[in-house]
Each structure stands twice: as structure tokens, then as C-alpha cells.
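This report refers to the structure that appears directly beneath it.
Nothing here was measured: the structure is a model prediction, and the numbers come from that model.
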Amino acid sequence: MADAMVTARMSSEKKEAGNRIFEQLGTNASQAVNRLYDYVIEKRQLPFPEEHVQKQYTQEEIARAMAWADSLRMDHPNRFANMTLKEVKRERLIARGLMEPGDA
């Protein structure tokens, strides 16, 4: 079977630091990636905790959050509420000094 290449993006600093540690551990990036793939194929899961697992909220938690949001007072209505997207962008450019009030 022919070999295939796997490509990953990371900072050059991370790559260099990782390669130094791989060398100290007596391996290299190709061997580490191959072992990762072997693990995933065999176990059908990642060998480290999932960082981006979305929490499942209960109906009670959702109801409490909605009640809290509904209880917030709007003393100062959003000044952009009645503007078009183009008008909002124009106002933001003026606020940043990138456009003059009289510019079209």
C-alpha cells in the first residue's frame, strides 16, 4: 500500500518545540501521527479529553436563563436598532475616525 501524507497547520515555534521533544522521546512527528491514527481507528475516539463538548442544558436551566434575560431593563435602547446595516457600518467608521460625518 502506498504511503499518504497528512498535513496540519501550526505555528513554526510549536512545530520546532514539538520536534525537539519528540527527538528527546525517541520518536518523530510521523510516528506520533501514525500512532494517533491507529488509536482513533481502533477505539473510535480521541486519546485526550474533548475540549469543545457542548453542555446540554436542562429545560429548567433554559427557563431560568430566559426569565433572567426578560427581566433586564433597557433604559438605553440600542442606538443602532432603527438603522440599516449600511448606516451602522458608516456610524462605526465615523466613530473610529476612518470617515467624516459628511462623507457619502
More than 12 heavy atoms of other groups within 6.0 Å of [X] [atom1]:
X	atom1	answer
Met66	CE	no
Arg64	CZ	yes
Tyr37	OH	no
Asp38	CG	yes

Roughly how far apart are [X] [atom1] and [Y] [atom2], rounded to 0.5 Å?
X	Y	atom1	atom2	answer
Arg96	Glu91	CZ	CD	12.0 Å
Ile62	Gln56	CD1	CD	9.0 Å
Met99	Arg92	CE	CZ	14.5 Å

Donor-acceptor contacts, no H, no angles, side chain residues 20-31, under 3.5 Å, sequence neighbours left out:
residue, atom, partner, partner atom, Å
Thr27, OG1, Gln31, OE1, 2.6
Asn28, OD1, Ser30, N, 3.0
Asn28, OD1, Gln31, N, 2.8
Gln31, OE1, Asn28, N, 3.4

According to a 4.5 Å side-chain heavy-atom criterion applied to Ile, Leu, Val, Met, Phe, Trp and Tyr, with indirect links allowed, do Leu85 and Met83 form part of one hydrophobic cluster?
-> no
Does any pair with a residue in residues 7-18 pass salt bridge (Lys or Arg N to Asp or Glu O under 4.0 Å), and if so which ones, sequence neighbours excluded?
->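 Applying salt bridge (Lys or Arg N to Asp or Glu O under 4.0 Å) to every pair that reaches into residues 7-18, excluding sequence neighbours, yields nothing.
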Does Asn34 reach the side chain of Tyr39, with side-chain heavy atoms less than 4.5 Å apart?
-> no
Heavy-atom closest pair (Arg90 atom, Glu100 atom, distance to 0.1 Å) is NH2-O, 4.2 Å
Partner residues of Thr84 under the side-chain hydrogen bond (donor to acceptor under 3.5 Å, both in side chains) criterion, sequence neighbours left out | Glu87
